[in-house]
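Heads up: numbering here begins at 1 and tracks the sequence. Fair warning: this is a prediction, and the values are worked out from it, not measured in the lab.
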Amino acid sequence: SPEMRRFTRSGAIAMPNSSASSSATRREVSAPCWIRTSSRRGAPAAPGSPAPRPAHQPLAARMRPRRLSEVVGQDHLLRPGSLLPRLVAQNRFGSLLFHGPPGSGKTSLAEAIAAETGCRFVRVNAVMSNVAELREVLATARRRPGEATILFIDELHRFNKSQQDLLLPDVEEGVVRLIGATTHNPGFYVNPPLLSRSHLFRLEPHSTAAVGGVLRTALADMERGLGSRRVTAPERRLEELAVLSDGDLRRALNSLEVIVLGLPEGAEISAADLEVFARERRIRYDADEDEHHDTISAFIKSCRGCDPDAAMYWLAKMLAGGEDPRFIARRLVILASEDVGLADPQALPLAVAAHHAVDFVGLPEAEYALAHATLYIATAPKSNSATLALGESKRVLREEPVQPVPAVLRSKGGQANKRHGHGQGYAYSHDFPEAISGQEYLERPLTLYTPKSAGWEMKIADRLARWRELKARLRNGG
């Protein structure tokens, strides 16, 4: 109840007996009103009218959408008739998980949903939270069964298994509606029981057009934006800033604010004003998460698909993102055997040489060796016959009786082996034309390797056909 709350100087609403860490990491508001509390002392804004954003807040925070219809981008989730808007309109949703890169709107969506549904909203940051705070939040929700509580957990992937398990009973019973936000793949970082109780929605980076539109609005907005500065910008300049933000709307707004506040009132943003951001642009990339796995996957498939331009693009992105060059070199060695194979036998030694060059030369000059090997493999003829032959061999070994080594092929070293007749009758291949003796090397002959008709492997196919004819003549006494 309002009587049980006290407003702290930071704007958080602290409950009696709450710890200092709880008040620092949790913000709570009874919606419908703007989700964050005011930094001034006093009661929350009246229902139906969003509380004003303090002027000292970053532009990205002030410009957050106040309702679902104001959310920009994510058309695949928010277009009319889609699942998420229908769930919110009917107020029939359970737990939601928002998965996407930074600045894609995960927090904005959660706040807009709480405002539209009139739910009590409790925000927890998993980086700073702990089990004691979670227990307090869940206990408070149980004591207030008449109010629908949305528990928003930012950076959900930071919670360990026991912290996530603590949420399960109350999520299962509907005591709280969980909205989790994470930049990591939920399949790896969210416990399966919690994942199965939630609707998963993937948010994509914002398009350049969407970011440019928000920048234009923020530049003119007198209430929450930068309109009072009367700074202008040509459309092309806003588009360039949107490109530099790499789909991160928060980064774009904060960059715009820095630029505008550094200019005199009434000025125009010039190309020179964007230069510092262009020099400091950071590619969105991570060491061992989705961007890492997705980009190397695109690189491999571009090489396999004979597209040198795409392969070079993904290579450049990995290098700009700080990927370990030895990891890239190892993937090139694998590609050389898995996807080029016998169609171009030179691909493997060249890829191995590139791997050695990375260790021997080091960055940045080793990038030339990686580019060399990438272009060679991307433009080489392709054959996966080695991959298929290995897979078929393993299948036969797994599914059929294991064949014994024929007696003529067994080692004849040692007196015991000689007494058993091992190696007797072996036809030494070099005593025959083209090293073809007509002898069988399996008790039950198998066909495990089928050459492809690409590159050098066409010659192998012709050679094998000639050898089959030669073996047949030898067996027939020809």
Side-chain angles (χ1 to χ4, degrees), residues 11 32-40 45-46 48-75 77-80 85 100-116 203-278 280-281:
C33 64
W34 186 242
I35 302 306
R36 293 182 187 270
T37 59
S38 171
S39 64
R40 299 186 296 241
S49 62
R53 295 283 185 170
H56 64 264
Q57 280 191 319
L59 179 63
R62 301 199 306 270
M63 294 299 296
R64 285 196 188 278
R66 293 164 288 193
R67 56 188 65 87
L68 205 60
S69 60
E70 293 183 2
V71 176
V72 173
Q74 311 306 334
D75 293 340
L77 299 180
L78 299 176
R79 65 169 60 95
S104 57
K106 300 181 291 296
T107 301
S108 296
L109 266 179
E111 294 185 353
I113 289 171
E116 290 212 359
L203 281 68
E204 301 293 343
H206 290 290
S207 67
T208 299
V211 174
V214 174
L215 295 178
R216 193 179 312 109
T217 300
L219 202 58
D221 193 309
M222 299 294 292
E223 178 189 357
R224 299 182 294 154
L226 302 167
S228 62
R229 302 284 301 176
R230 303 191 312 280
V231 172
T232 60
E235 289 293 320
R236 183 179 62 183
R237 207 69 65 230
L238 295 179
E239 182 179 342
E240 290 171 352
L241 183 55
V243 170
L244 292 175
S245 72
D246 201 22
D248 186 334
L249 186 53
R250 183 190 301 112
R251 186 199 301 178
L253 286 168
N254 290 339
S255 300
L256 178 66
E257 184 175 33
V258 170
I259 293 171
V260 170
L261 295 181
L263 294 173
E265 291 190 8
E268 180 178 280
I269 298 175
S270 66
D273 297 321
L274 298 185
E275 285 183 1
V276 63
F277 295 98
E280 297 179 359
R281 184 186 183 190

Rounded to the nearest 0.5 Å, how far does CE of M63 lie from CG of D221? 4.5 Å
Is it the case that over 12 heavy atoms from other parts of the model lie below 6.0 angstrom from the CD atom of E204? yes
List for me each residue that meets side chain to side chain contact (heavy atoms under 4.5 Å, CB included) alongside A267, sequence neighbours excluded, and say none if there are none. L263, P264
Non-hydrogen atoms of A252 and L241 that approach each other most closely: O-CD2, 4.1 Å
Non-neighbouring partners of E240 that pass side chain to side chain donor-acceptor pair (under 3.5 Å), sequence neighbours left out: R237
Rounded to the nearest 0.5 Å, what separates atom NE2 in H206 from atom CD in Q74? 5.5 Å
Just how far is it from atom CG of L256 to atom CG of D273, taken to the nearest 0.5 Å? 11.0 Å
Report the residue from L59, V231, L215, I259 that forms a side-chain contact (heavy atoms from CB on, under 4.5 Å) with L226. L59
Taking only residues two or more places apart in sequence or in another chain, which ones pass side chain to side chain contact (heavy atoms under 4.5 Å, CB included) with E265? R229, R230
Smallest separation among heavy atoms of P101 and P205, with atom names: CG-CG, 3.7 Å
Taking the side chain from K106 and the backbone from G100, do they hold a donor-acceptor pair closer than 3.5 Å? yes
Please lay out, stage by stage, how L219 and V260 fare under the test side-chain contact (heavy atoms from CB on, under 4.5 Å). CA-CA 9 Å; L219 202 58; V260 170; 3.7 Å; yes
Can you tell me how far the CG atom of L244 sits from the OG atom of S255, to the nearest 0.5 Å? 8.0 Å
Check the pair E239, R236 against salt bridge (charged side-chain N to carboxylate O under 4.0 Å, His left out), reporting the backbone distance first and the verdict last. CA-CA 5 Å; E239 182 179 342; R236 183 179 62 183; over 6 Å; no
List in chain and number order the residues that pass side chain to side chain donor-acceptor pair (under 3.5 Å) with N254, two or more places apart in sequence or in another chain; answer none if no residue qualifies. none
Assess, by modelled atom type and distance only, whether the side chains of S245 and D248 contain a donor and an acceptor separated by less than 3.5 Å. no
Looking only at heavy atoms, the pair that brings A210 and V72 closest together is CB-CG1, 3.7 Å
Residues two or more places apart in sequence or in another chain: which of them pass side chain to side chain donor-acceptor pair (under 3.5 Å) with E268? none
Who pairs with V71 by side chain to side chain contact (heavy atoms under 4.5 Å, CB included), at least two apart in sequence or on another chain? P65, L68, L78, L109, A112
Return yes if a side-chain donor-acceptor contact under 3.5 Å exists between S108 and R64, otherwise no. yes
With sequence neighbours left out, write down each residue that passes side chain to side chain contact (heavy atoms under 4.5 Å, CB included) with D75, or none if nothing qualifies. R79
Closest non-hydrogen contact found for Q57 with R62 is O-NH1, 2.5 Å
Residues in side chain to side chain donor-acceptor pair (under 3.5 Å) with R216, at least two apart? E235
